[in-house]
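First listed ligand is number 1; within each ligand, the first listed atom is number 1.
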Amino acid sequence: MAEPLLSVRGLCVDYLGPQGPVRALDGVSFELRAGEVLGVAGESGSGKSTLAQALLRILPAPGVITGGEVRFEGRDLLRLDEAALREVRWQRISMVFQSAMDSLNPVLTVGAQLADTLRAHRRVSGREARQRSAALLELVGIPADRLGAFPHQLSGGMRQRVGIAVALALEPRLVILDEPTTALDVIVEREILQRLLELRRRLGFAVVFITHDLARMLQISDRVAVFYAAQLVELGPAAALRAEARHPYTRALLSAFPSVHGPPGERTGIPGAPPSLLHPPDGCRFHPRCPLAEDACRSGEPPRLAALG
Ligand code: ATP
Ligand code: MG
């Protein structure tokens with residue numbers, strides 16, 4: 001079998017706080033194939049953004065990667081020096097942040113930002129950069145005559161699409177989206193995601209897609225990774241997870257959201273709160289909130305999960 005595009009093994013990240021290290025990613029392992037869409041789900045604080053930032057090695061202090069391996073196109077990103085890493089960042093792996101306001105420069109026009117991205121990494125003339133910038137804008141459904149607009153002159157949805165255009169400018173093989181549409185209304189969200197998936201079909205990049213919207217995630221992902229308290233607790237094809245999730249946390253998470261196809265249900269939510277990562281519980285970290293917890297779950301892997309192999 002061909003080597004996966006991305007292979008993450010035992011990835012650990014700690015935030016070095018005054019009360020001691022907070023392990024925000026604990027031994028995370030998964031693979032991603034070329035062109036695949038991986039959804040990342042989990043409650044607030046479960047480590048989703050930490051994962052996105054660790055993959056690109058853009059963790060803000062005091063976050064540090066304390067273990068593991070991130071192989072991308074055959075190289076361990078954790079062992080690359082800064083110069084080699086710069087070649088990977090944005091060119092091979094790019095990222096769209098939750099708020100494009102955070103990633104776009106407020107004093108540069110949209111066209112200047114796209115052109116700067118292109119010229120920083122590619123030998124193109126000013127004219128070529130302008131032409132390509134116009135094409136990129138049109139790719140995400142914005143008329144090229146908006147090249148001269150400043151970010152504040154665009155709507156939230158347009159800004160987010162500009163963020164996607166910047167992320168696609170260098171034709172990366174992997175695009176990481178961290179809640180790219182959370183701030184938008186559902187119609188704009190649907191339009192942006194449809195366009196992104198259409199582009200993926202045409203350009204063939206893989207996607208890591210982080211969102212709180214589990215229904216939407218199940219719709220658009222090939223596979224879904226579920227995080228709970230810094231650990232990856234379940235990973236499987238979206239269809240299989242929807243039909244029969246193995247981990248009680250995944251089931252709780254799924255039943256906490258209305259189904260896409262079924263009748264509009266009530267959002268039940270999961271009673272209780274995730275544990276403190278300073279002192280996570282032993283055994284299965286979900287056991288204090290789990291309706292199915294048995295004694296064995298307090299010290300080790302839940303027997304019913306172990307039995308499934
Ligand atoms: P959300 O859905 O709210 O965006 P998330 O799953 O993206 O949450 P992360 O932002 O990855 O969660 O945070 C994971 C954990 O790491 C959190 O529980 C938080 O306590 C801790 N953490 C994140 N950033 C820092 C920081 N700068 N300093 C200390 N701890 C941090
Ligand atoms: Mg986050």
Side-chain angles (χ1 to χ4, degrees), residues 6 8 10-30 38-68 70 77-78 93-103 156 160 163-164 167 174-184 189 193 207-218 220-221 223-235 241 247 249-250 252-254 256-257 267 269-270 272-281 284-286 288-289:
L6 174 74
V8 177
L11 184 62
C12 292
V13 170
D14 289 350
Y15 288 99
L16 308 173
Q19 295 165 287
V22 172
R23 177 140 297 185
L25 279 188
D26 188 26
V28 169
S29 301
F30 66 93
L38 177 74
V40 177
E43 282 165 292
S44 186
S46 56
K48 305 181 299 294
S49 296
T50 302
L51 172 69
Q53 292 164 340
L55 293 179
L56 269 180
R57 281 177 54 193
I58 52 170
L59 276 169
V64 283
I65 297 172
T66 47
V70 176
L77 299 188
L78 304 188
I93 308 179
S94 67
M95 186 154 165
V96 181
F97 296 89
Q98 178 162 356
S99 161
M101 258 335 217
D102 299 340
S103 52
Q160 205 52 291
I164 293 173
L174 171 60
V175 181
I176 302 172
L177 298 120
D178 189 359
E179 311 218 29
T181 54
T182 308
L184 307 174
E189 178 194 32
L193 291 181
V207 174
V208 170
F209 179 61
I210 300 172
T211 176
H212 274 102
D213 187 343
L214 212 63
R216 181 84 64 223
M217 173 176 297
L218 288 170
I220 71 166
S221 303
R223 289 188 302 151
V224 172
V226 180
F227 281 76
Y228 185 72
Q231 296 177 335
L232 202 177
V233 295
E234 182 154 14
L235 175 65
L241 245 61
H247 200 289
Y249 177 67
T250 309
L253 199 62
L254 288 173
F257 289 89
R267 286 177 190 234
I270 306 174
S276 151
L277 294 178
L278 264 177
H279 306 290
C284 172
R285 292 187 169 182
F286 187 53
R289 298 168 79 189

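In this structure a side-chain-to-backbone donor-acceptor pair under 3.5 Å is missing from Arg285 to Gln231.
Nearest heavy-atom pair, Ile270 versus Arg289, reported as atom, atom and distance to 0.1 Å: O-NH2, 3.2 Å. The minimum heavy-atom distance linking Ser49 with Asp178 is given by the pair OG-OD2, 2.6 Å. Considering every non-hydrogen atom in both Pro275 and Tyr228, the closest pair reads CD-OH, 3.3 Å.
Legend: side chain to side chain donor-acceptor pair (under 3.5 Å) pairs involving residues 52-68, not counting sequence neighbours, sorted by first then second residue: Arg23-Thr66.
Applying the side chain to side chain contact (heavy atoms under 4.5 Å, CB included) rule to Ser94 yields the partners Trp90, Ala167, Pro172, Val175; only residues at least two apart in sequence or on another chain are considered.
Between Phe286 and His247, the ring planes lie tilted relative to each other; the angle falls in the 30° to 60° range.
Using a 4.0 Å heavy-atom criterion, the residues that approach ligand 1 are Tyr15, Ala24, Glu43, Ser44, Gly45, Ser46, Gly47, Lys48, Ser49, Thr50, Pro62, Glu179, His212, Leu277.
When each of Ile93, Ile65, Leu55 is paired with Leu77, the side-chain contact (heavy atoms from CB on, under 4.5 Å) condition holds for Ile93 and for no other.
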**Message:** Determine whether Thr50 and Phe227 satisfy the following criterion, side-chain contact (heavy atoms from CB on, under 4.5 Å), listing intermediate values before the conclusion.
**Reply:** CA-CA 11 Å; Thr50 302; Phe227 281 76; over 6 Å; no
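Neighbours of the Mg ion (ligand 2) restricted to protein N, O or S atoms under 2.8 Å: the count is 1.
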